[in-house]
Every structure is written in C-alpha cells, then in structure tokens.
Amino acid sequence: MEPLMDPIKDRTVVEVPPPPARPISADLLWIKDAKGNKLPDWKVLKDHLFKEGRLHKEDLLELIAMTCKEFHKSENLLKIPDPVTVVGDIHGQYYDFVKLLEVGGDPATTRYLFLGDYVDRGSFSVECLILVFALKLTFPNSIHCLRGNHECRQMTAFFNFRDECEYKYDQTIYSAFMDVFDSLPICAILNGKFLAVHGGISPDLRTIKQLNEIDRFQEPPRQGLLCDLLWADPVEEKEGEPPPKNDGRKFIVNEVRGCSYFFTFEAAVELCDKQKLLSIIRAHEAQLEGYKMHRTNEATRFPSVITIFSAPNYCDVYNNKGAILKFENNTLNILQFNCSVHPYHLPNFMDVFTWSIPFVSEKVRTYSTSDNSRFSFLSKNVIILSAKSLTF
C-alpha cells in the first residue's frame, strides 16, 4: 500500500514510517481458498495493520459478520486436544500480539486458544480483533477464542474500546463487534484434563455438563454462573505464609472487582476431583512474570490453578513480562516475551489541539491579553510543542 506523502521531509521521528494513505483494497484483502471460499489474507492484513492501516467499512463489516457466523457454530464448551498454545489477556496491545505469534508459533501450523480480553486499555484493540478474526476464518479448526470480561458493552464503554471504534470507524462497527462478543464460547476442556476459562469458577458450577446449558448469547449479567466464569479470581496466597482465613467458605464476595467471587484452593480442588480434572487454566489478572502457578494440589502434584497473562508492560507502566503456555504431550511449557515498541495515541484518542487547549489556557492566564503579539507567539509555540509530542 502507498504510504502517506511527506513532500517537505519534515517528519519529527523519521524512523517511524508514514501509515498507508488509504484503506486496504478488496483485491489485496480477500483471497479464495482451495474450495473457492472467500477468506481474508491474514498475512497481508497483519502487515497492513502493523503500519496503522485501516479497512474500508464495508470490508470490515463483512469480516465481522463472517466471524460471528463462525462462532455461532461453536458450543459453549470447546473440547481441544494438544498440542495447543494458550494465550491470556492481550488488551489492545497489537504490536505485542504480533510478537506473541512469533513466539507461540506460526498460526498455519499451531493450534491456539485465546482466553479473552482482546480489547480495552491498549490503543490497538480494533487491530487485535481484526487479526484474531482473520485467523479464525482462515483456520477455523485450530484457532479457538473464549470470551473475557472485557468483551461486553459495559466494560468497553467504561474503558476505551468504544471510543477507539468511533475514532477509527463509527458506532456501526462498534455494535457489530458487540454482536461477535455475544457469540464467543465461554470455556474449554484441554485434553480432557484442564478447564480453560477467562476468570474462574463459580459456587453454581457443579458439573462440566452445566457449561453447555448456559445462554451465552447475551450481555453478561452481574451475577450468576456466566458472570463468575468471566470475573472470578483465585484467593491470593503468598508463598511461605499460611492461607488467609475464610471461615470455611469456599467462595468469598469479590469486593475488589465489585462482582463475582474469590474462589479458594479448596473450591478449585473439589471441582477438579469431582470432574476428574488436573487444573484450571485462566487469565484475567496481570502477573509480573506473565504467569503464576498457584497452590499445588498434593494429590496430583499439579498446580490447582494456572494464570496466564499475555500483555507485556501492561498499560505501558507495569513493566511485566508477557507469557503464553504451550501444552503438548501432557507437558506444560511457559514461554515469556518482552514488550515491543508501538505508536503512541493521546489519551481517549483526542486530537492534539484538544489536548493542547488546557495548556494554552493556563499559560494565557499568566500574561496580559492586551499584549496581542506575545499572546500569539506563546500560543503558537505551545501548540507546536504538543504536535511534536504526538509523533512519539
């Protein structure tokens, strides 16, 4: 794709290439498979998005609709054999997502399970979703996706995904993404031995059979089994310290999240024992090393819960590593990776002039407005300084 023109060669950060001048054409975006089915060219799309390229609205709506239809075919509970690479939260960090695919393996030859939270926090949630959807359409039997707690209207309106959709496209695109979120599966069984879910377990979960009885095609409720699968956390237990007192309760109201529960080691072990599982694999919580092996079940000598978090340097401030879990021949391997350099967006995708106005106003108040020449000079310099900051 032809990049934006730079006729006077005055880019402040010359090592950052200009983005594509126009959305990707349909001729480049769509290809035909061996059976004549229309599919997105995920490799071309990946590179186009990496350069901050966009799609035409009609192409993106078609991509979303095709993906929604594909997810509708799935049951709530996926059954996935190994080998499989398990991915935790991505949170709109597209450039780290591209790195993750290099670490985890070529999607053409690697089975993936994504545990949800593709959006919010980072500034490239749209790009993350487009690439995940393109991969799902290209490899429907080896790319698997679960719903996270951020894949809903309430969270995306409170955080920044809705703003991002409206900044890059419009409200129609946002609504289409919400329809896909309502169709996402909610949990998986890996090799018949591991329960994979975004958040955790629930006091209402007694058998694995229940999971396929949930009506998942809705905005997640604020309580109940579906809510807990997306929101619950294991009780925090620090190494070398006795477990926290819980008065014998296996589920404790999660006041930190404002909904759902903390589930105890005893609750996790009881479910695993009854359902003949080894462990619960989940995401949902940032981890300094990108993962956490929770308290070991003495009967199986295996962690009762494993947390995977795949967004390195979360929110650009946590300085954590990202991690993925590779599961093969009943062996679990953790692969860690560091964050990648990415373009910068101003908070809430505001433009540089809106961002600058408070600074201009503050400076203007300290000077006499009768000195028009000085006011003009000051305003110009403040705005120019702000515009340069946009290029980082």
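- At distances below 3.5 Å, at least one donor-acceptor pair connects side-chain atoms of Q218 with backbone N or O atoms of D215.
- For the residue pair T109 / D106, no side-chain donor-acceptor distance below 3.5 Å is found, with atom types taken as modelled.
- Classified by interplanar angle (parallel below 30°, tilted 30° to 60°, perpendicular above 60°), the ring pair H91/Y314 is tilted.
- Here the straight-line distance linking atom CG of N338 with atom CG of N313 works out to 9.0 Å at 0.5 Å rounding.
- Distance alone, capped at 3.5 Å, is enough to place a donor-acceptor pair between the T264 side chain and the K250 backbone.
- Within a 6.0 Å radius of CD in E213, other residues, nucleotides and ligands contribute more than 12 heavy atoms.
- A salt bridge does not link E285 to K292: none of the charged side-chain nitrogens sits closer than 4.0 Å to a carboxylate oxygen.
- Between F181 and F161, the ring planes are tilted. Angles from 30° to 60° get that label.
- Ring geometry for Y118 versus F114: interplanar angle of 30 to 60°, hence tilted.
- Closest of all the heavy-atom pairs between C227 and C259 is SG-SG, 4.2 Å.
- Judged by distance alone, the side chain of R54 and the main-chain N or O of R22 form no donor-acceptor pair under 3.5 Å.
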Applying side chain to side chain contact (heavy atoms under 4.5 Å, CB included), run through L332 and F302 and close with a yes or a no.
-> CA-CA 11 Å; L332 301 180; F302 213 86; 3.4 Å; yes

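- One hydrophobic cluster holds both I80 and I308 under the rule that ILVMFWY side chains link at heavy-atom gaps under 4.5 Å.
- Note that the NZ atom of K38 and the CD atom of E62 stand 3.5 Å from one another [nearest 0.5 Å].
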How far apart are the C-alpha atoms of D233 and N254, what are their side-chain angles, what is the distance that settles it, and do they pass the side-chain hydrogen bond (donor to acceptor under 3.5 Å, both in side chains) test?
-> CA-CA 8 Å; D233 293 303; N254 193 332; 3.0 Å; yes

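- With 3.5 Å as the limit, one finds no donor-acceptor pair spanning the side chains of H284 and T307.
- Look at K73 and E70 and you find a salt bridge, because one of the NZ, NE, NH1 or NH2 atoms lies within 4.0 Å of a carboxylate O, short of that distance.
- Salt-bridge annotation for E219 and R153: present, with a side-chain N of the basic residue lying under 4.0 Å from a carboxylate O of the acidic one.
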Step by step, would you call K326 with T85 a side-chain hydrogen bond (donor to acceptor under 3.5 Å, both in side chains)?
-> CA-CA 4 Å; K326 290 188 75 73; T85 298; 3.0 Å; yes

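- We find the CG-SG distance between D117 and C128 to be 11.5 Å, quoted to the nearest 0.5 Å.
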Under the side chain to side chain contact (heavy atoms under 4.5 Å, CB included) criterion, do L115 and D89 qualify, and how do the steps go?
-> CA-CA 7 Å; L115 298 180; D89 298 34; 5.8 Å; no

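- Heavy-atom neighbours of F349 CZ from other residues, nucleotides or ligands within 6.0 Å: above the threshold of 12.
- The OH atom of Y291 sits 15.5 Å away from the CZ atom of F309 when rounded to the nearest 0.5 Å.
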Residue pair R147, D182: steps toward the salt bridge (Lys or Arg N to Asp or Glu O under 4.0 Å) verdict | CA-CA 8 Å; R147 190 175 195 170; D182 287 343; 2.9 Å; yes

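- Under the 3.5 Å distance criterion, with hydrogens and angles disregarded, no donor-acceptor pair is assigned to the side chains of N160 and N348.
- Ring centroids of H144 and Y112 are separated by 6.0 Å or more, keeping the two rings apart.
- A donor-acceptor pair under 3.5 Å is formed between the side chain of N76 and the backbone N or O of I214.
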Given S304 and N297, is the side-chain hydrogen bond (donor to acceptor under 3.5 Å, both in side chains) satisfied, shown in steps?
-> CA-CA 6 Å; S304 56; N297 181 350; over 6 Å; no

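- To the nearest 0.5 angstrom, L325 atom CG is 5.5 Å from I281 atom CD1.
- A donor-acceptor contact shorter than 3.5 Å is absent between the side chain of T296 and the backbone of R301.
- Every side-chain contact (heavy atoms from CB on, under 4.5 Å) that T207 has, sequence neighbours left out, goes to K209, Q210, Q275.
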Just do the side chain to side chain contact (heavy atoms under 4.5 Å, CB included) check on T156 and Y174 with the steps written out, would you?
-> CA-CA 10 Å; T156 53; Y174 172 73; 2.7 Å; yes

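- Closest of all the heavy-atom pairs between A323 and G290 is CB-O, 3.2 Å.
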Given the rule in the side chain to side chain contact (heavy atoms under 4.5 Å, CB included) test, do F262 and V256 qualify, once you have shown the distances and angles that lead to the verdict?
-> CA-CA 9 Å; F262 289 108; V256 177; 3.9 Å; yes

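- Counting heavy-atom neighbours within 6.0 Å of E289 CD, excluding the residue itself, gives a total above 12.
- Summarising the geometry, atom CZ belonging to R257 is positioned 11.5 Å from atom CG belonging to L230; distances are rounded to the nearest 0.5 Å.
- The backbone N or O of F124 lies less than 3.5 Å from no partner atom in the side chain of Q93, so there is not a single donor-acceptor pair.
- With hydrophobic clusters built from ILVMFWY side chains whose heavy atoms lie under 4.5 angstrom apart, I189 does not share a cluster with V269.
- Linking Ile, Leu, Val, Met, Phe, Trp and Tyr whenever their side-chain heavy atoms come within less than 4.5 Å leaves F327 and I280 in two separate clusters.
- A continuous path of Ile, Leu, Val, Met, Phe, Trp and Tyr side chains, each step under 4.5 Å between heavy atoms, connects L39 with W42, placing both in one hydrophobic cluster.
- The hydrophobic cluster containing L271 also contains L226, counting ILVMFWY residues as joined when their side-chain heavy atoms lie under 4.5 angstrom apart, directly or transitively.
- Here the side chains of S74 and P185 are in contact, with some heavy-atom distance below 4.5 Å.
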